[in-house]
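Below is one structure, written out as structure tokens; comments come after it.
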Amino acid sequence: NRSYMKLIERKSMLIRPSGRSSDYITPSFGFGCEYKCSYCYMRRHRPYGLEIATNTQEIIEAIERHSNDLIWPKIPNQTHNKYYTYDFSCNEDYVKHARHHNWRELFTYFKNSDKIMGTAATKYVNEELLSFNPNKKVRIRFSLMPQVLADKLEPGTSKIIDRIKAVNKFYDAGYDVHLNYSPVIIYDNAREDYKHLFKLVDKHVRDEIKQDVKCEVIFLTHNTKMHDYNVEQGKLEQESLLWRPKLQETKVSSYGSVNIRYQYEFKRKSIDRFKKLHHTTLPWQEIRYIF
């Protein structure tokens with residue numbers, strides 16, 4: 001829907017440190033999302049509309065200038081042992097929106113770089129990307145949650161089983177592939193549903209690539225404005241999962257926004273339980289970070 005999309009020229013070339021999903025976050029190639037996930041922070045800022053930056057080459061040049069100042073060789077860390085990682089999909093689902101972008105130009109840049117690589121999380125299996133081999137210099141992180149949750153909270157996204165099965169395809173096509181268990185949501189049957197999810201991952205990811213398919217785990221962060229918006233939209237079932245004030249507390253993010261997260265002690269215990277269940281079911285999968 002082209003009327004939904006606005007073409008812009010990206011002015012800000014700010015590159016921010018990340019330290020979790022990646023070492024750095026690139027200037028936004030896009031802003032907004034075609035999906036309407038009930039929990040998504042992008043929709044807190046912009047319920048409607050998708051901005052696409054047309055000046056891809058200028059953004060790439062900003063990344064190049066930034067990367068030229070980095071110490072080399074890189075000191076290995078949890079993002080990658082050799083390359084500095086740049087998340088190019090922080091404010092959108094770039095893989096979903098790839099048809100709007102000059103994605104081959106960007107992926108070719110990462111492929112040819114000696115010291116950096118790109119990374120993006122996605123809820124979409126975009127098989128068009130399989131026609132390009134980035135030589136492991138682009139990492140795709142498929143976001144996963146139990147399908148029963150995705151049905152309610154991620155309407156229209158690729159089925160969870162299809163995302164899991166895509167791991168082998170994208171790995172074979174030349175991508176670095178990780179999983180992104182995000183957001184982790186606490187509810188009555190969560191343990192059994194996540195156990196089933198982990199078993200699906202164990203079943204469908206080929207044994208010979210399992211050691212390379214690492215993961216990250218991010219527990220739910222919600223927001224009062226998003227809660228109010230969802231209630232106005234009649235999404236009461238979704239909010240019964242997301243808005244649990246007895247289990248949550250207010251926390252100001254590193255960028256100054258006021259969010260609602262699981263209470264510290266409750267979250268600490270939930271993380272311990274998650275790690276135990278994950279390790280029991282998927283002992284081969286390294287958790288890069290969990291918070």
Side-chain angles (χ1 to χ4, degrees), residues 10 12-31 41-42 53 55-95 97-98 101-103 105-123 129 132-144 167 170-171 174-183 211-219 221 253-257 259 271 285-291:
R10 179 66 61 215
S12 172
M13 293 296 167
L14 177 66
I15 294 178
R16 296 178 289 155
S18 173
R20 285 178 169 159
S21 296
S22 62
D23 293 304
Y24 298 100
I25 299 169
T26 73
S28 296
F29 289 90
F31 200 98
Y41 74 91
M42 282 307 308
N55 52 330
T56 297
Q57 186 56 43
E58 287 184 70
I59 301 175
I60 290 174
E61 289 168 1
I63 298 170
E64 179 70 7
R65 289 193 297 272
H66 183 272
S67 67
N68 284 339
D69 291 333
L70 299 177
I71 297 170
W72 188 257
K74 177 190 177 181
I75 298 172
N77 63 4
Q78 60 86 9
T79 68
H80 200 277
N81 287 335
K82 182 178 179 182
Y83 301 116
Y84 289 97
T85 54
Y86 284 75
D87 193 324
F88 57 89
S89 184
C90 187
N91 291 322
E92 63 164 333
D93 188 328
Y94 187 102
V95 173
H97 304 148
H101 290 289
N102 296 325
W103 66 268
E105 182 179 5
L106 178 62
F107 286 17
T108 299
Y109 166 70
F110 287 125
K111 180 177 182 176
N112 293 337
S113 174
D114 292 330
K115 63 167 68 170
I116 74 171
M117 64 181 289
T119 178
T122 186
K123 302 177 185 73
L129 272 55
F132 183 91
N133 181 348
N135 196 25
K136 305 300 181 187
K137 299 298 295 300
V138 173
R139 174 182 294 160
I140 302 295
R141 301 167 359 248
F142 286 107
S143 297
L144 300 181
V167 170
F170 276 76
Y171 186 94
Y175 289 86
D176 187 30
V177 186
H178 284 190
L179 297 179
N180 171 33
Y181 299 109
S182 168
Q211 74 279 359
D212 295 329
V213 183
K214 301 177 184 180
C215 73
E216 58 197 3
V217 186
I218 306 170
F219 277 69
T221 297
S253 76
S254 57
Y255 295 105
S257 59
N259 296 321
I271 286 174
Q285 185 171 55
E286 177 185 336
I287 297 178
R288 290 201 295 116
Y289 69 90
I290 180 169
F291 77 97

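Worth knowing before you read on, the calculation uses all heavy atoms, side chains too, and leaves out hydrogens, waters and symmetry mates.
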Correct closest heavy-atom pair for G174 and N133 would be CA-OD1, 3.3 Å
Discussion item. Salt bridge or not between D87 and R141? Use side-chain N to carboxylate O under 4.0 Å.
Written reply: yes
Between S182 and S143 the two heavy atoms that sit nearest each other are O-CB, 4.3 Å
Cation-pi check, K136 to Y171: give yes when NZ or CZ is under 6.0 Å from the six-membered ring centre and within 45° of the ring axis, no otherwise.
-> yes
>> Can you confirm whether Q57 sits close enough to E105 that some side-chain heavy atom of one is under 4.5 Å from a side-chain heavy atom of the other?
In response: yes
| message | If we ignore hydrogens and angles and just use 3.5 Å, is the side chain of K137 paired with the main-chain N or O of F110 as donor and acceptor? | response | yes
CG of N81 to CD1 of I75, rounded to nearest 0.5 Å, is 12.5 Å
**Study point:** Heavy-atom side-chain contact between C215 and N180 under 4.5 Å
**Key:** no
Those residues at least two apart in sequence (or on a different chain) that pass side-chain contact (heavy atoms from CB on, under 4.5 Å) with D23 are K74, N77, T79, Y84, T85
- Does a side-chain heavy-atom distance below 4.5 Å link D114 with W72? no
Separation between NZ (K214) and CZ (R288), nearest 0.5 Å, reads 8.0 Å
Is it true that a side-chain atom of Q211 and a backbone atom of E286 form a donor plus acceptor pair closer than 3.5 Å?
no
Would you mind reporting whether N102 and F29 have side-chain heavy atoms less than 4.5 Å apart? no
To the nearest 0.5 Å, atom OH of Y94 lies from atom CG of L129 at 8.5 Å
Heavy atoms of V213 and Q285 approach each other most closely as O-NE2, 3.1 Å
Within the 4.5 Å heavy-atom criterion, are V138 and F88 side-chain neighbours or not?
yes
Between D93 and A121, the two heavy atoms sitting closest are OD1-O, 3.9 Å
Is there a side-chain contact between I218 and R20 in this structure, where contact means two heavy atoms from C-beta onward sitting under 4.5 Å apart?
no
With under 30° as parallel and over 60° as perpendicular, where do the rings of W103 and F107 fit, or are they tilted in between? perpendicular
Taken to the nearest 0.5 Å, the spacing of I140 CD1 from H178 NE2 works out to 11.5 Å
ask   = Does the side chain of S28 come under 3.5 Å of the side chain of E92 through a donor N or O and an acceptor N or O?
value = no
Closest heavy-atom pair, E216 versus S21, reported as atoms and distance to 0.1 Å, is OE1-OG, 3.2 Å
Just list the side-chain donor-acceptor pairs under 3.5 Å for residues 59-70, sequence neighbours left out, or say none.
unit_1	atom_1	unit_2	atom_2	d
E64	OE1	Y109	OH	2.6
H66	ND1	Y86	OH	2.7
S67	OG	I63	O	3.3
S67	OG	E64	O	2.9
N68	ND2	E64	O	3.2

OG (S89) and CZ (R139) are apart, to the nearest 0.5 Å, by 14.0 Å
Note to self: Please check this pair: side chain of N55 against backbone of R10, looking for a donor-acceptor N/O pair closer than 3.5 Å.
What the structure shows: yes
Between the NE2 atom in H97 and the OG1 atom in T122, the distance rounded to the nearest 0.5 Å is 9.0 Å
Report yes if the side chains of I116 and Y24 come closer than 4.5 Å at any heavy-atom pair, otherwise no. no
Of all heavy-atom pairs linking P134 and K111, the shortest is O-CG, 3.6 Å
